[in-house]
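Below you'll find the structure, written out as structure tokens, and then a few comments.
In what follows, chains are A, B, ... by sequence order, proteins preceding strands, each numbered from 1.
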Amino acid sequence: MVESARQETITNNLANSETTGFKRDLALQRAQTELPVLRVGDNNRLPLQPVIGTLGTGSLVDGIHTVHEQGVVRETGGKLDLALSGPGFFTVETAQGLRFTRNGAFTLDADGFLRTDAGHRVMGIEGYLQIPAGELTVDNDGGLFVDGAPVGRLRLAGFAEAELLSKQGEAMFDAGGQAELAVAAQVKQGFLESGNVQVIQEMVRMIATQRAYETNQRALQAQDELLGKAVNEIGSLR
Amino acid sequence: MLRSLWNAASGMRAQQEKIDVTANNIANVNTTGFKKKTTVFHDLLYQSLERRGNAVAPAAAGGRTSTVGVGSAVGAVRADMRAGTYLQTGRALDLAVVGEGFFRVELPDGSIAYTRDGSFSLDAAGNLVNAQGQRVLFPGLPSGQQELHISPQGQVFAIEPDGEQVAVGTVTLAYFNNPQGLEQFGGNLLLATEASGEAENRAPGNATKLMQGYLESSNVELSEELVNLLASQRAFELNSRALRTSDEMWSIANQIRR
């Protein structure tokens, strides 16, 4: 079970190896609570039966962690392609509330508002960002300028525990009530941040997962054979 | 195991679409006025792993639940509206727009399409038409006029037989708030959509220049497209490998009881 959850995480990472702003997941596992094994029938030391060891009861998924490492920043040359260097997020408004993303592949809508490619409005410090026609430049601090005149500033958000943000798809995260902090991330115009999936690492992890799965299957099979022997062969007259 | 299989399949499908887009770009490397497309991937929904029977530790107080994604998909195919290279042709009716702005073409049903392809000619009736024979909306152009001079600011001068230039009007181009939102119509034509907004027709100002005797070729960079193609192929391969591994794991599960 645990290995198959791990495999699901790996295949999702691999499928998103080229998704802009994607952060890879890591499935962690831990042992189930161990049970004490008592010596039964040892009446000499009642009322306490002596503990002679512990018995593991298998493993379970301890949690799926999102690794918020910086992905590779790739040059695209697009005026509305923005990448963040350093920790932090762009703020985006969706029907479900504010969401945070590092996917800076933005576009304009018919009224000149800055939107993500899924159509959500990008938030500035003073509300939506409306960009008039002209030559758009973005400085390192997220200030937007058209023909040199300021038209707004991107609202960048940082979080004390980025680990706790939950994924919402489209490379967006839900803060889940965490307070936004100021960030020192630098905005780079004409660049996009690719996913931070490391293909070779995932590949190795996939092989290890498959083998561990196989090992567990063998153990199960051996146990089954053992039980089969006990049931069918003990006491059989031949 | 089923989800692993579908995750890998969704990755393969997304890469397939990217290869289609790249192949179309490469096929149009010599198309006048063509704008290359780029593919943007999205990750999809996330499902909680905490269900009955799953060996998952419950989230600690204040922690987040363990979720696993369901693969990727093409989120958008975006048009790159940057200018292509300009080629000198010397033909009087070849026009190129430097900067933003589109020529307007009237479709047979009376609606308007927009294009950056300025390889125009005159039809039998003396109207300015594009390569498909559709009428170009070029206000101020006297029909039947053969010799024209067009200034970078869009003023049209008719050249009289004695060589004198007579101003006959000004060209207007269509401008959009969001040219990326224009819909491809084929034949180098684009249509206005809700995303692009309404066209604003005005004379090319200082930001735009018209060049007579030039054509704008496509903005496809062959080397970049080939790199995209290689990367997509490898990513496709990677996902197919993940698919096979998941399949093998399922087969292992099936062999538990021989």
Side-chain angles (χ1 to χ4, degrees), chain A residues 1-5 7-20 22 25 27 30 32 58-64 76-78 80 103 105 107-112 117-118 133-135 163-171 176 199 203 206-207 209-210 213-214 217 220-221 224, chain B residues 1 3-5 7-8 10-11 14-15 18 38 40-46 49 54-57 59 62-72 75-76 78 80 82 100 175 177-178 180-181 194-198 207 231 235 238-239 241-243 245-246 248-249 252-253 255-258:
Chain A
M1 278 312 292
V2 173
E3 299 302 336
S4 99
Q7 174 75 356
E8 283 167 9
T9 310
I10 294 170
T11 51
N12 187 53
N13 285 346
L14 288 178
N16 285 297
S17 61
E18 288 200 36
T19 302
T20 312
F22 180 78
D25 283 328
R30 72 157 190 238
Q32 293 260 32
S59 65
L60 79 174
V61 177
D62 193 22
I64 309 248
T76 62
L80 293 170
N103 175 7
T107 163
L108 294 178
D109 66 6
D111 303 319
D117 47 33
E135 184 75 9
E163 285 279 284
L164 295 182
L165 302 176
S166 59
K167 286 193 172 186
Q168 302 292 313
E170 292 163 10
V199 171
M203 218 49 199
M206 188 161 76
I207 295 168
T209 303
Q210 187 190 9
Y213 193 81
E214 209 170 345
Q217 183 245 25
L220 192 74
Q221 223 163 41
D224 180 46
Chain B
M1 211 51 62
R3 188 156 44 202
S4 300
L5 290 172
N7 279 355
S10 78
Q15 291 299 338
K18 183 177 178 186
T38 52
V40 182
F41 294 113
H42 280 171
D43 51 346
L44 300 175
L45 297 174
Y46 284 79
L49 269 179
N54 261 1
V56 177
R64 53 168 263 220
T65 50
S66 297
T67 54
V68 65
V70 297
S72 71
R78 306 199 305 167
D80 188 333
R82 276 176 290 172
E100 283 184 39
Y175 291 86
N177 264 335
N178 179 24
Q180 284 196 349
E194 252 178 50
S196 68
E198 291 287 314
L238 187 69
N239 279 296
R241 184 70 61 161
L243 183 74
T245 308
S246 304
E248 280 167 15
M249 281 170 69
I252 292 169
Q255 286 162 18
I256 288 177
R257 194 82 178 105
R258 280 175 299 191

Per-residue contact mode, A/D25 against chain B (heavy atom under 4.5 angstrom): side chain
Could you list the residues that satisfy salt bridge (charged side-chain N to carboxylate O under 4.0 Å, His left out) with A/E18, not counting sequence neighbours? B/K18
Checking the side chain of A/Q217 only, and the main-chain atoms of B/I252 only, is there a donor and an acceptor separated by less than 3.5 Å? yes
Heavy-atom closest pair (B/S4 atom, A/T11 atom, distance to 0.1 Å) is CA-OG1, 3.5 Å
Within the supplied structure, the quantity of interest is the number of heavy atoms (other residues, nucleotides, ligands) at a distance under 6.0 Å from B/E248 CD; does it exceed 12? yes
For B/S10 versus A/A15, what's the shortest heavy-atom pair and its separation? OG-CB, 4.2 Å
For B/A14, is it the side chain, the backbone, both, or neither that has a heavy atom closer than 4.5 Å to a heavy atom of chain A? neither
For A/N13, is it the side chain, the backbone, both, or neither that has a heavy atom closer than 4.5 Å to a heavy atom of chain B? neither
In Å and rounded to the nearest 0.5 Å, what is the CG to CG distance from B/N7 to A/N16? 8.5 Å
Least distance between heavy atoms, B/F41 atom then A/T19 atom: O-CG2, 3.3 Å
Checking B/T67 against chain A: side chain, backbone, both or neither under 4.5 Å from a heavy atom? backbone
Please state whether the side chain, the backbone, both or neither of A/L165 comes within less than 4.5 Å of a heavy atom of chain B. backbone
Of the backbone (N, CA, C, O) and the side chain (C-beta and beyond), which part of B/Q180 lies under 4.5 Å from a heavy atom of chain A, both, or neither? side chain
Closest contact, heavy atoms only, B/S246 versus A/Q7: OG-NE2, 2.9 Å
With a 4.5 angstrom heavy-atom cut-off, is it the side chain or the backbone of B/Q15 that approaches chain A, or both, or neither? side chain
Using heavy-atom distances under 4.5 Å, tell me whether A/D224 contacts chain B through its side chain, its backbone, both, or neither. side chain
NZ on A/K167 to CG on B/L44, rounded to 0.5 Å: 11.5 Å
Starting at CD of A/E214, measure out to CD of B/Q255 and round the result to the nearest 0.5 Å. 8.5 Å
For the candidates B/G69, B/A231, B/G11, which exhibits the highest count of non-hydrogen atom pairs separated by less than 4.5 Å from chain A? B/G69
What are the two closest heavy atoms between A/N12 and B/V70, and how far apart are they? OD1-N, 3.7 Å
Contacting region of B/R78 [heavy-atom separation from chain A under 4.5 Å]: side chain
Between A/L220 and chain B, which part of the residue has a heavy atom less than 4.5 Å away: side chain, backbone, both or neither? side chain
CD (A/Q210) with more than 12 external heavy atoms under 6.0 Å: yes
Nearest heavy-atom approach of A/M203 to B/L238 is SD-CD1, 3.6 Å
Counting heavy-atom pairs closer than 4.5 Å to chain B, which one of A/T9, A/T209, A/L108 comes out on top? A/L108
B/A76 portion near chain A, given a 4.5 angstrom heavy-atom threshold: side chain
Please identify, among A/D109, A/I207, A/T107, A/D111, the residue contributing the most non-hydrogen atom pairs under 4.5 Å to chain B. A/D109
